[in-house]
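Notes for the one structure printed next.
Quick caveat: nothing in here was measured; it's all calculated off a predicted structure. Note: hydrogens, waters and symmetry copies are ignored here, and every other heavy atom, side chains too, is used. Lettering of chains follows the sequences in order, A, B, ..., and the numbering in each one begins at 1.
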Protein chains: 2
Amino acid sequence: MAKRRRRGSQRVTMGEVARLANVSPSTVSLYLRRPDEVSPGRAEKIQAAIDRLGYLPNTMAGGLASSRSNVIGVLVPTITNSFFSETLETLERHLRSAGYQLLIGNTEFDDAREEELIRSILSWNPVGLVLTGFLHTRKSLSVLANNDTPIVEMWDYGQPGLDMVVGFSHHACGRLVAEHMLRQGRRRMAFVSTNFQRDVRARDRYHGFRDTVEATGGTVELRELSGRSHAEETGRLTHALMQDHPEIEAIACSNDMVALGVLCECQRQAWDVPGRIALAGFGNLDFTTSTVPPLTTIEPPRREIGQHTARLLLASLASELPEAEKRLDLGVRLVERESV
Amino acid sequence: MAKRRRRGSQRVTMGEVARLANVSPSTVSLYLRRPDEVSPGRAEKIQAAIDRLGYLPNTMAGGLASSRSNVIGVLVPTITNSFFSETLETLERHLRSAGYQLLIGNTEFDDAREEELIRSILSWNPVGLVLTGFLHTRKSLSVLANNDTPIVEMWDYGQPGLDMVVGFSHHACGRLVAEHMLRQGRRRMAFVSTNFQRDVRARDRYHGFRDTVEATGGTVELRELSGRSHAEETGRLTHALMQDHPEIEAIACSNDMVALGVLCECQRQAWDVPGRIALAGFGNLDFTTSTVPPLTTIEPPRREIGQHTARLLLASLASELPEAEKRLDLGVRLVERESV
DNA sequence: ATGAAAGCGCTAACAC
DNA sequence: GTGTTAGCGCTTTCAT
């Protein structure tokens with residue numbers, strides 16, 4: 001038998017609970033928010049009524065009445081990627097346990113979409129907003145300026161920012177990899193990257209790499225994929241790169257997936273890694289321990305970003321934060337394995 | 001200078017827009033919902049006022065007044081995993097473009113947590129609910145029964161379900177892999193798995209595998225990891241497995257990450273894959289094309305699940321769906337590569 | 001096509 | 001400690 005869908009059939013209200021418990025609605029409300037301020041006897045009756053009726057408070061009504069939502073908006077470029085999804089998972093755990101509901105938006109690396117999402121989320125009257133990176137449209141900035149919600153820009157560091165900042169320097173990531181390769185005596189380098197248009201942070205890592213290498217007289221060939229990493233394209237690109245520049249002795253990649261594609265091509269061509277070519281990635285993804293050889297990479301503070309973003313947001317919800325505590329560089333760690 | 005945080009400072013309301021545009025609030029409301037039902041002259045004035053004041057409608061107030069939210073709740077075991085995150089991404093794209101806001105909850109493979117999240121999300125008065133799988137606590141079921149929201153249970157198939165079902169049979173996944181291995185003449189098999197407690201669907205795949213192999217007189221050794229796949233533990237387990245059962249000629253894994261761990265151990269021990277050991281995974285993760293040899297695996301319909309879940313939900317929001325259309329088996333595809 | 005009025009379900013003063 | 005009252009910002013009849 002098909003379940004009857006009582007569309008619009010009202011759910012149990014606080015008033016009905018109140019009636020059943022023989023108290024006023026405001027007592028029920030009080031009981032729900034500060035249980036120990038109602039007498040034990042009534043508290044018990046109210047709880048019984050709630051259980052009996054299966055009452056669930058209406059969050060929207062509560063939010064409207066108190067003109068204070070428990071909503072926090074979070075915008076990430078994609079959730080299909082352990083970088084942001086781990087940050088998100090940590091963020092959501094910390095924020096939910098503090099009583100907040102996350103509103104997650106997927107910008108798909110598109111700032112016009114970010115603009116739309118910002119408006120959409122702002123219409124929920126969030127008490128906080130988390131954005132990824134510093135790149136926002138003019139309109140986004142003006143909408144945000146009209147608004148006094150605490151904002152954290154995460155996953156990046158090195159620019160002033162709108163309010164709070166929790167991240168790390170992608171430029172430093174590139175530098176770290178470069179320094180490590182230089183230390184191993186490599187001079188002729190290449191950087192194979194996902195598309196810069198799509199991911200501005202990959203470009204920052206490239207700049208850090210290139211600047212450091214060139215400062216010591218080395219050279220860097222840049223190769224950009226057309227989109228996100230794709231094993232075949234990466235292979236082809238690497239093959240062409242080595243054909244044009246057989247002198248290359250180290251390849252840094254914008255992330256581990258790209259590095260895997262390159263490594264795979266090296267295996268096909270029987271180019272020894274790291275003997276003939278040193279190879280490094282970014283992200284310290286799970287599989288990097290399992291490749292042959294294990295991949296040298298950069299560990300970004302995925303979960304720490306989530307944790308500290310939550311902390312800063314919560315703190316700034318409690319009281320205005322001193323300027324000095326509003327910006328946090330979490331740093332990164334070079335994971336030295338055997339591919340360099 | 002620190003930005004003054006006007007806490008509680010009211011945002012621009014519809015009333016203020018109305019005043020500026022010299023119309024009544026209800027006209028503004030009408031303009032926002034059905035623009036072509038207000039005269040062009042006023043429409044223009046209203047839009048001007050909106051732009052001028054930077055007005056953003058208050059979703060909560062709207063939802064309360066119309067007693068109809070635009071919220072859809074989604075509960076997944078984890079977003080840190082391309083299985084669910086790709087489904088989620090697709091689901092969110094389709095649902096958002098239809099005007100809905102997703103409320104995402106992370107159950108962390110814990111049904112007590114799911115119960116909490118269900119209550120928490122129900123308090124937003126969602127017009128739809130998406131759950132992962134069929135496993136819910138008694139209390140969850142009773143809360144859900146008190147509720148007439150359309151529900152989709154996704155990522156699984158083969159049980160009655162609460163309302164709508166969009167997924168595939170994990171038992172069939174195991175069977176497919178088994179049949180393929182049997183076809184290649186393998187008889188002594190093993191199944192290496194993430195923990196069944198954590199992921200019930202891995203157990204279903206195991207059962208499908210075992211039942212099929214044993215039906216033809218083959219044998220299956222089961223090895224369960226203590227938690228989620230971890231390269232080291234997988235390596236150790238595989239080593240011990242082969243020591244105890246050197247006769248094993250095929251290993252099926254509960255997912256690709258586990259398979260990678262096993263493959264890695266095979267490389268270390270110089271056991272030829274697939275010569276000595278055939279190997280298969282589940283998930284068709286990105287890296288599976290890049291391993292040596294490329295990994296035979298199962299492609300689950302991640303994005304299709306999201307797409308069809310959205311479609312069913314939207315349809316059932318428009319009108320009661322016939323029973324026949326409420327259950328969808330999307331099937332899976334064996335991706336034959338070189339590891340079997 | 002437009003506006004007045006009555007809520008939506010709850011919270012927050014305030015009085016008792 | 002408890003109830004009364006007045007909104008929160010919007011939508012929705014229902015007149016006009």
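- For B:Arg42, a side-chain nitrogen or oxygen approaches OP1 or OP2 of C:dT2 to under 4.0 Å.
- A salt bridge links B:Lys326 and B:Glu320; the closest N-O separation between the charged side-chain nitrogens and carboxylate oxygens is under 4.0 Å.
- In this structure, B:Asn70 places its CG atom 12 Å from P of D:dT11, rounding to the nearest Å.
- Donor-acceptor pairing under 3.5 Å is lacking for the side chains of B:Arg93 and A:Asn106.
- Between B:Val38 and B:Leu64, the residue anchored nearer the 5' end of DNA chain C, judged by the nucleotide with its closest heavy atom, is B:Val38.
- Rounded to an integer number of Å, the gap from CZ of B:Arg68 to P of D:dC10 is 18 Å.
- For residues 82-91 of chain A, the salt bridge (charged side-chain N to carboxylate O under 4.0 Å, His left out) pairs, not counting sequence neighbours, are A:Glu86-A:Arg302, A:Glu86-A:Arg303, A:Glu89-A:Arg303.
- Separating the CD atom of B:Glu16 from the P atom of D:dC8 is a distance of 11 Å, rounded to the nearest angstrom.
- Atoms CG (B:Asn22) and P (C:dG3) sit 9 Å apart, rounded to a whole Å.
- The side chain of B:Val23 lies closest to C:dG3, out of D:dG9, C:dG3, C:dT2.
- The side chain of A:Ser67 places no N or O atom within less than 4.0 Å of a non-bridging phosphate oxygen (OP1 or OP2) of D:dC8.
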### Task
Let me have a per-nucleotide readout for nucleotides 10-16 of chain C, 5' to 3', with B, S or -, counting only protein heavy atoms under 4.0 Å.
BBB----

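- A:Lys45 places its NZ atom 11 Å from the P atom of D:dT2, with the value rounded to the nearest Å.
- When rounded to the nearest whole Å, the span between CD of B:Glu37 and P of D:dT11 equals 14 Å.
- The closest donor-acceptor contact from the side chain of B:Asp111 to the backbone of B:Glu114 lies at 3.5 Å or more, if one exists at all.
- For the residue pair A:Thr27 / A:Ser24, a side-chain donor-acceptor distance below 3.5 Å is found, with atom types taken as modelled.
- Counting only residues at least two apart or on different chains, the salt bridge (charged side-chain N to carboxylate O under 4.0 Å, His left out) pairs with a member in residues 17-45 of chain A are A:Arg34-A:Glu37.
- Protein atom CZ of B:Arg11 is 13 Å distant from nucleotide atom C1' of D:dC10, rounded to whole Å.
- The side chain of B:Ser24 contributes an N or O atom lying less than 4.0 Å from OP1 or OP2 of C:dG3.
- Between the CG atom of A:Asp36 and the P atom of D:dT2 there is a distance of 12 Å, given to the nearest Å.
- Between B:His136 and B:Glu115, the side chains place no donor N or O within less than 3.5 Å of an acceptor N or O (distance only, hydrogens not considered).
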